[in-house]
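What follows is one structure encoded as C-alpha cells, with my remarks underneath.
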Amino acid sequence: MANNTSACSECDSELGLPVGDKGAKGAPSILSISHTIGGSPFTASTTSYVEAGRFIFSSTYATPFTAFWANVWVSAGTGSLRIIDLSTSTVIYEKTNITSTSAVNVEAITGQSIYITSLSIIAVQVKHNTASGATTNIGCTTFYYT
C-alpha cells in the first residue's frame, strides 16, 4: 500500500499517482457532494424538505467545516435549503429565500461550524416553498474549512 512517499517528487512510488502536500492533522480540507443522478440535478417539488445527500462527520477526528457552497436554484418562485444533523434533528443552517433560476447559481455560506459533535450524520435538504408545479434543484454542495 502506498504511504504518500515517492522516489519522484510528483508521483507515488507504488501507484504512479500525483502526491500533494498534506494538511494539518485533524484539519479538513474539502468535501464535495454531487446530488446528480444520471446527469440530472436532484429536484424537489414539495413544500416539505427532501434529502438530497448526507455524510458522516465527527469532530473527534477533524475540525468542523466553516463554510460551504451550494449549487441550488428554482424553476420559479422561492426555494429553501437546509443542513441538518439527522442524529439530533439540529438545524445547522437554513436559507429560505432562494430565488435564482440560473442552473449555475452558487449560494456561498461562511461563518458556520459544521459541526461540533462526536458523531453526526449531516444531511443536505431542499424544498420548494410553494410548489404548485415549481421545483427547487440542487447540483452539488461543497463543504470546506477557512
The residue among Arg82, Glu94, Lys127 that forms side-chain hydrogen bond (donor to acceptor under 3.5 Å, both in side chains) with Tyr49 is Glu94

List the atom of [X], the atom of [Y], and the distance in Å for their closest heavy-atom pair.
X: Thr110; Y: Ala67; result: CA-CB, 3.9 Å
X: His128; Y: Ala134; result: NE2-CB, 3.3 Å
X: Trp73; Y: Pro41; result: CH2-CB, 3.7 Å
X: Ser45; Y: Ala131; result: O-CB, 3.3 Å

Short question: side chain of [X], backbone of [Y] - any donor-acceptor pair under 3.5 Å?
X: Ser75; Y: Thr135; answer: yes
X: Ser102; Y: Ser100; answer: no
X: Asn105; Y: Val72; answer: yes
X: His35; Y: Ile138; answer: no

Should Thr66 and Tyr145 be marked as a side chain to side chain contact (heavy atoms under 4.5 Å, CB included) after you check the CA-CA gap, both sets of side-chain angles, and the distance that decides it? CA-CA 5 Å; Thr66 56; Tyr145 180 76; 4.0 Å; yes

Using salt bridge (Lys or Arg N to Asp or Glu O under 4.0 Å) as the criterion, list what pairs up with Arg54, not counting sequence neighbours.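 Salt bridge (Lys or Arg N to Asp or Glu O under 4.0 Å) list for Arg54, sorted by chain: Glu51.
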
All salt bridge (Lys or Arg N to Asp or Glu O under 4.0 Å) counterparts of Glu107, not counting sequence neighbours: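 With neighbours one apart ignored, the set is Lys95.
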
Between Asn129 and Thr78: side-chain donor-acceptor atoms closer than 3.5 Å: no

Under 3.5 Å, is there a donor-acceptor pair linking the side chains of Thr36 and Ser34? yes

Given the rule that I, L, V, M, F, W and Y join up when any side-chain heavy atoms are under 4.5 Å apart, are Ile83 and Leu86 in one cluster? no

same_hphob_cluster(Ile33, Ile98) at 4.5 Å side-chain heavy-atom cutoff: yes

Straight-line distance of [X] [atom1] to [Y] [atom2], nearest 0.5 Å:
X: Ile109; Y: Leu81; atom1: CD1; atom2: CG; value: 6.5 Å
X: Thr141; Y: Asn71; atom1: OG1; atom2: CG; value: 9.5 Å
X: Phe57; Y: Ile121; atom1: CZ; atom2: CD1; value: 14.0 Å

Out of Tyr93, Tyr144, Phe55, which one pairs with Phe68 under the ring pair (Phe, Tyr, Trp, His ring centres under 6.0 Å) rule?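 Only one of Tyr93, Tyr144, Phe55 forms a ring pair (Phe, Tyr, Trp, His ring centres under 6.0 Å) with Phe68, namely Tyr93.
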
Restricting to ring-ring contact (aromatic ring centres under 6.0 Å, His included), what partner residues turn up for Phe42, sequence neighbours left out? none

So do the side chains of Ile122 and Ile92 get within less than 4.5 Å of each other, counting heavy atoms only? yes

